[in-house]
Amino acid sequence: MATVHLRIGDLVWGKLGRYPPWPGKVVSPPKDLKKPRGKKCHFVKFFGTEDHAWIKVEQLKPYHPHKEEMIKINKGKRFQQAVDAVEDFLKKKEKQGGKEQSSEGKGDSKGKKTPAKPLKILEEDDEDLSALKDPSEKPASSMEPISKRLKIVEEDTRSTSIQAADSTAINGSITPTDKRIGFLGLGLMGSGIVSNLLKMGHVVTVWNRTVEKCDLFIQEGARLGRTPAEVVSMCDITFSCVSDPKAARDLVLGPSGVLQGIRPGKCYVEMSTVDPETITELSQVISSRGGRFLEAPVAGSQQVSNEGMLVILAAGDRTVYEDCSSCFQAMGKTSFFLGEVGNAARMMLILNMVQGSFMATIAEGLTLAQATGQSQHTFLDILSQGQMASTFVDQKCQNILQGNFKPDYYLKHIQKDLRLAISMGDTANHPTPMAAAANEVYKRAKALDQSDNDMSAVYRAYIH
């Protein structure tokens, strides 16, 4: 491999341990920071984050020659924001005639902001992600992530939103909890969640009904649990993310289930989207064995889960919520604490009811455009320029126009959520006519064998 010759100010792609290559700039280290002995490396400031690190030369690539390659292999909103920040930097530099007016990274000028503490350089065989922490820092207590590293927002509804400082894999500032984490269910959502937990250095034990799905995560450093009960008994906090209320109940109450592994002080976090009655039942049986319970369903899709950008809705034991702070930072961009058990389930069903109804309406609009001789592509172009423009609308419409219904969120699951939301409305004696109409369309799509396709396949209910 050819030697990379770099100078202060050069833009690069830096590889930090198992993290993906990230755009950065070679800068001068702080005056009192010595270069690691025996290491050929450069001090790099990463764009889109506050991280600085000594990076070995073999883990660095010049920015421009490898830009196209890196953009192809890396995805995610945060990654794109980092690339945009580089391009903005280049535009400003061009306007200034190539003269940098910023003293960023110097760290020795009076009145200038001192850079964040640098990360230590990683050895190639260093699999311990705790190496990303500054060795001089003391271990954080379970309460530290709440008080020191997170922005806590009290809302008018008296809920609390924990905003992750940065939920991308490049963010080495997340200190993983020292608690042992268990995870049950490696479906579309669970797989992305576990991947991000591992990337952030959490110790994770996994279980899945189809054991082969665990193999990839074992290769990434996860441990294997033979049964749900074994995972719970081995771990301090166990998360579950399965398909529906029956699966959630069976996981807890069935043979070798969660309940058999619960002991006083064990934490169980139910992330499945289920009805409030199921959540209340699970909370009661876990608590009856001395366990601590939190519900934490997630808003998002497979892609959002993979990117670590989920929105987490939590309710139940507040101390469990606080103990899960580093986990929630790893898997999501924000989390909300909504009070007593059942509130998160209610809010999640309302959100998915709106999303499911909206998706059915989009599909209806596309098919009506076609039926009246209008261009579906033009319809999408107009929609994307109006007030309803969003990533969701663009992606789902593109899926439909391309005939690509690879599941990002299963159609059968959004129909289940609509059904549960309608039932919740009945219990509250509140009308849900729009959701009821959308539910019938999804039922029609299921009858057309679209259950295991993406929710956007509801389109097919209108054309058959």
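In what follows, residues are counted from 1 in the order of the sequence shown.
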Distance-only criterion, 3.5 Å: show the donor-acceptor pairs between side-chain atoms of residues 379-386 and protein atoms not counting sequence neighbours.
{"unit_1": "S384", "atom_1": "OG", "unit_2": "L380", "atom_2": "O", "d": "3.3"}
{"unit_1": "S384", "atom_1": "OG", "unit_2": "D381", "atom_2": "O", "d": "2.8"}

Checking E270 against S272: is there a side-chain donor and acceptor pair closer than 3.5 Å? yes

Checking salt bridge (charged side-chain N to carboxylate O under 4.0 Å, His left out) against D454, which of K406, K396, K412 comes through? K396

So that I can tick it off, tell me whether E69 and K61 are bridged by a salt bridge, with the cut-off set at under 4.0 angstrom between side-chain N and carboxylate O. yes

Check: D417/Y409 side-chain N/O donor and acceptor closer than 3.5 Å: yes

Check the pair V274 / D244 against side chain to side chain contact (heavy atoms under 4.5 Å, CB included), numbers first and verdict last. CA-CA 6 Å; V274 299; D244 55 35; 5.9 Å; no

Would you please classify the geometry between the F239 ring and the F328 ring as parallel, tilted or perpendicular, with 30° and 60° separating the classes? perpendicular

Is it true that R318 and E340 have a side-chain N and a carboxylate O under 4.0 angstrom from each other? no

Give a yes or no on whether the backbone of I400 and the side-chain of N404 come within a donor-acceptor separation of less than 3.5 Å. no

Classify the side-chain pair H202/S326 by whether it contains a donor and acceptor separated by less than 3.5 Å. yes

Under-4.0 Å salt bridge between D10 and K25: no

Can we say R180 and D236 salt-bridge, meaning some charged N sits less than 4.0 Å from an Asp/Glu carboxylate O? yes

Contacts of type salt bridge (Lys or Arg N to Asp or Glu O under 4.0 Å), residue D84, not counting sequence neighbours: none

Between D323 and R292, is there a salt bridge with N-O shorter than 4.0 Å? yes

